[in-house]
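Here's the structure, in structure tokens; my notes come after.
Since the model is a prediction, treat every value here as computed from it, not as a measurement.
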Amino acid sequence: MSRPLIGVTTSRRSGWRIFPLVALNVWLAGGRAQRWVAGRDAHIDQVDGIIIGGGDDISPDLYGGRLVTSARLDPDRDALERRLVREAFDYHKPVLGICRGSQMLNVALGGTLHQDAYGVYTASRRVYTILPRKTVRICPQTRLAGVSGQKPMQINALHSQAVDRLGDGLKVAARDLGGMVQAIERVSDPFALGVQWHPEHLFYARRQRAIFRALVTAARARQDHRSQIEEVRREVEMVTE
């Protein structure tokens with residue numbers, strides 16, 4: 001069985017820097033990655049799972065929010081990623097959202113965002129670093145707790161927005177010490193997890209690698225299922241010839 005193929009969306013501006021690091025994490029987890037950007041072909045039926053990557057802010061037009069003048073938007077990327085998230089659930093394929101990707105997972109399912117998350121959660125520690133300088137608490141009885149354990153986790157932070165109202169079928173999986181949502185997940189299958197931090201920068205940490213491994217494991221299960229269906233189809237064709 002070949003390595004599961006994971007489609008990875010990235011920013012057209014900075015994705016060339018980030019994609020190799022995400023691809024490394026996917027490879028270490030047993031998969032292989034393919035980069036997707038707005039304006040190029042991206043078909044959910046050609047991959048076994050997807051990662052919605054970090055980068056640009058999500059347009060508030062998608063959830064009825066207020067435009068912040070400092071926001072850096074990419075409407076074409078918004079449209080691509082929202083379509084891919086919805087199609088992933090239609091095709092029963094796993095999704096991992098990273099930072100912006102976690103927010104897009106929420107928005108694609110009808111949720112909303114805080115444009116200025118630290119203005120709302122004033123008790124949350126504001127840090128902007130790829131180093132693990134922020135503490136989050138993992139919620140009990142969540143998929144994330146099963147993947148990375150329930151002990152408090154040290155993470156990095158490069159965001160200004162965060163989840164507000166949850167999208168359909170989602171629940172909170174982690175919060176920081178000030179109460180801000182730091183991870184969300186889908187209540188039912190297929191596997192869907194969104195983390196507000198950037199685990200690709202923390203590949204040296206076992207609990208962060210486990211997040212990518214969970215995605216690839218779910219993608220491999222989907223790959224096996226597809227292979228079984230193809231085998232049955234070939235057997236049926238042989239019988240009916």
Side-chain angles (χ1 to χ4, degrees), residues 8-11 14-15 17-19 21-22 24-26 28-29 51-58 65 68 70-72 95-107 111-167 170-186 192-215:
V8 181
T9 66
T10 68
S11 167
S14 60
R17 295 197 311 265
I18 301 301
F19 175 74
L21 193 53
V22 175
L24 171 63
N25 280 272
V26 171
L28 291 174
I51 293 175
I52 306 297
D56 315 286
D57 293 327
I58 296 171
V68 176
S70 61
R72 188 180 63 182
V95 179
L96 172 62
I98 295 176
C99 197
R100 166 200 163 91
S102 179
Q103 298 163 10
M104 178 54 75
L105 174 61
N106 190 59
V107 168
T112 62
L113 304 178
H114 291 298
Q115 287 277 292
D116 179 11
Y118 288 97
V120 175
Y121 291 94
T122 56
S124 291
R125 182 186 176 205
R126 186 163 197 160
V127 296
Y128 193 85
T129 175
I130 63 172
L131 299 176
R133 298 283 176 81
K134 188 169 187 173
T135 302
V136 295
R137 292 193 177 108
I138 312 299
C139 299
Q141 299 180 341
T142 57
R143 197 185 295 261
L144 180 59
V147 167
S148 293
Q150 198 180 326
K151 293 192 305 181
M153 179 185 287
Q154 295 300 119
I155 62 165
N156 51 28
L158 297 171
H159 67 95
S160 58
Q161 300 182 349
V163 166
D164 181 7
R165 189 184 73 244
L166 286 169
L170 297 176
K171 67 178 181 179
V172 176
R175 295 181 185 271
D176 68 15
L177 300 183
M180 187 190 301
V181 174
Q182 294 293 319
I184 58 175
E185 62 185 43
R186 199 161 190 251
L193 172 65
V195 296
Q196 188 65 74
W197 62 94
H198 286 263
E200 72 273 21
H201 288 291
L202 305 173
F203 58 89
Y204 49 84
R206 174 185 55 81
R207 299 176 72 190
Q208 305 301 326
R209 293 196 305 272
I211 293 172
F212 288 97
R213 188 167 59 251
L215 173 74

Output field: ring centroids Phe203/His198 closer than 6.0 Å: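 Ring-ring flag for Phe203/His198: false, centres at least 6.0 Å apart.
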Hey, could you give me the [atom1]/[atom2] distance between [X] and [Y], rounded to the nearest 0.5 Å?
X	Y	atom1	atom2	value
Asn25	Glu200	CG	CD	7.0 Å
Ile130	His201	CD1	NE2	5.5 Å
Ser102	Leu113	OG	CG	9.0 Å
Ile184	Leu144	CD1	CG	11.5 Å
Arg209	Tyr204	CZ	OH	11.0 Å
Thr135	Lys151	OG1	NZ	12.5 Å

Verdict with supporting geometry, Leu96 and Ile211, side-chain contact (heavy atoms from CB on, under 4.5 Å): CA-CA 8 Å; Leu96 172 62; Ile211 293 172; 3.7 Å; yes
Considering non-hydrogen atoms only, spot the tightest contact between [X] and [Y] and give its length.
X	Y	value
Gly54	Cys99	CA-CB, 4.4 Å
Trp197	Met153	CZ2-SD, 3.7 Å
Asn106	Leu170	OD1-CD1, 3.6 Å
Gly179	Ser124	N-OG, 4.2 Å
Asp57	Arg100	O-NH1, 3.1 Å
Arg175	Tyr121	NH1-OH, 4.3 Å

Donor-acceptor under 3.5 Å ([X] side chain, [Y] main chain):
X	Y	result
Asp116	Ser160	no
Glu185	Arg143	yes
Arg213	Ala29	no
Asp164	Gly111	no
Gln103	Gln161	yes

side-chain contact (heavy atoms from CB on, under 4.5 Å) evaluation trace for Tyr118 with His159: CA-CA 10 Å; Tyr118 288 97; His159 67 95; 3.6 Å; yes
Contact check, side chains of Ser148 and Ile138, non-hydrogen atoms, under 4.5 Å: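 No. Closest side-chain heavy atoms not under 4.5 Å.
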Residue pair Leu28 / Phe212, side-chain heavy-atom distance below 4.5 Å: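 SC-SC contact between Leu28 and Phe212 ruled out.
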Criterion side-chain contact (heavy atoms from CB on, under 4.5 Å) on Gln182 and Arg137, from CA distance to verdict: CA-CA 9 Å; Gln182 294 293 319; Arg137 292 193 177 108; over 6 Å; no
Within 6.0 Å of CZ in Arg207, more than 12 heavy atoms from elsewhere: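 Correct, the count exceeds 12.
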Pro199: which of Val22, Ile98, Ile155 passes side chain to side chain contact (heavy atoms under 4.5 Å, CB included):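 The side chain to side chain contact (heavy atoms under 4.5 Å, CB included) with Pro199 is passed solely by Ile98 among Val22, Ile98, Ile155.
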Partner of Lys134 under side chain to side chain contact (heavy atoms under 4.5 Å, CB included), chosen from Asn156, Thr129, Asp176: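 Testing each of Asn156, Thr129, Asp176 against Lys134, the sole residue satisfying side chain to side chain contact (heavy atoms under 4.5 Å, CB included) is Asp176.
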